[in-house]
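The next block holds one structure in the form of structure tokens; read it before the comments.
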Amino acid sequence: MAFFEELSKKAQLYAEVAVEKTKDLAETVGDKAKAAADTAKTNMAIMAEQHELEKCYKAIGEWFAAEYTEEIPDALKDVMAAVAASKERIAELEASRAAASQCEEEEPVVEATLKVCPACGLAASGNYCSECGAKLGE
């Protein structure tokens, strides 16, 4: 009996050690997960601020381009020329889209003539029935 009692005590001791190690591991994993979440939140905040900064720079650029069309510094003449070219291209593309849209509206719609299949009675267009494959009459 002493053998089994000694074995039971050792098993209980090892179980307690395993529980402690598991708690330590869970705490470490939790700390690392929290650190990763904090890092992700910080990264998202940085990206949001960078986006706001880009919006501000864009607004400054648009204001400058509208305000100083005649007094463009030499360093910006190429950029302003590219802006003007892009605006012209956008206007051309919008005009072609409007013309294409208008042409689509003007095209007449051709309606298909439906015929009744003599074999199955289904209404279909074309020369053969889409249901049974029988030749459709006139």
Side-chain angles (χ1 to χ4, degrees):
M1 267 318 217
F3 173 75
F4 288 116
E5 287 178 16
E6 185 70 27
L7 182 63
S8 176
K9 287 180 184 178
K10 285 185 179 182
Q12 187 176 6
L13 181 64
Y14 287 129
E16 289 173 2
V17 169
V19 167
E20 286 299 316
K21 293 289 182 183
T22 302
K23 285 181 184 177
D24 290 345
L25 180 63
E27 187 176 309
T28 301
V29 168
D31 291 343
K32 288 188 178 190
K34 185 179 181 305
D38 290 344
T39 301
K41 286 178 186 176
T42 303
N43 288 343
M44 289 299 294
I46 289 169
M47 288 180 9
E49 286 302 318
Q50 287 174 337
H51 180 70
E52 287 299 315
L53 184 62
E54 288 173 6
K55 285 176 24 181
C56 291
Y57 279 134
K58 180 182 176 200
I60 291 169
E62 289 175 350
W63 172 82
F64 182 85
E67 190 72 24
Y68 296 102
T69 55
E70 301 299 322
E71 307 166 15
I72 301 170
D74 290 338
L76 295 178
K77 286 187 178 180
D78 291 342
V79 175
M80 293 302 289
V83 167
S86 290
K87 285 183 178 181
E88 288 177 19
R89 181 70 179 138
I90 289 170
E92 291 171 2
L93 292 169
E94 287 176 342
S96 68
R97 178 180 64 190
S101 172
Q102 189 177 12
C103 287
E104 287 176 4
E105 292 174 1
E106 293 175 359
E107 289 181 12
V109 177
V110 178
E111 293 185 24
T113 305
L114 295 178
K115 302 172 190 170
V116 177
C117 175
C120 68
L122 181 75
S125 63
N127 294 328
Y128 295 92
C129 178
S130 60
E131 180 69 23
C132 67
K135 185 166 176 66
L136 299 175
E138 295 293 322

side-chain contact (heavy atoms from CB on, under 4.5 Å) partners of Arg97, counting only residues at least two apart | Glu94

Correct closest heavy-atom pair for Lys115 and Asn127 would be NZ-OD1, 4.1 Å

For Lys34 and Asp31, run salt bridge (charged side-chain N to carboxylate O under 4.0 Å, His left out): C-alpha distance rounded to whole Å, both residues' side-chain angles, the deciding distance at 0.1 Å, then the answer.
-> CA-CA 5 Å; Lys34 185 179 181 305; Asp31 291 343; over 6 Å; no

For the pair Glu6 and Lys9, find out whether any cationic side-chain nitrogen is under 4.0 Å from an anionic carboxylate oxygen.
-> no

Is any NZ, NE, NH1 or NH2 atom of the basic residue among Lys58 and Glu62 found under 4.0 Å from an Asp or Glu carboxylate oxygen of the other?
-> yes

Value rounded to 0.5 Å, distance of CD in Glu54 from CE in Met47 = 10.5 Å

Kindly check if the number of other-residue, nucleotide or ligand heavy atoms within 6.0 Å of CD (Gln12) is above 12?
-> no

Can you name the side-chain contact (heavy atoms from CB on, under 4.5 Å) partners of Lys41, sequence neighbours left out?
-> none

What distance do Asp74 atom CG and Lys77 atom NZ have between them, rounded to the nearest 0.5 Å?
-> 4.5 Å

Going only through I, L, V, M, F, W and Y residues with side-chain contacts under 4.5 Å, is there a path from Trp63 to Leu76?
-> yes

Between Asp24 and Lys21, is there a salt bridge with N-O shorter than 4.0 Å?
-> no

Hydrophobic cluster membership, Tyr68 vs Ile72, 4.5 Å side-chain cutoff = yes

Which heavy-atom pair separates Gly133 from Tyr128 by the least distance, and what is that distance?
-> O-CD2, 3.6 Å

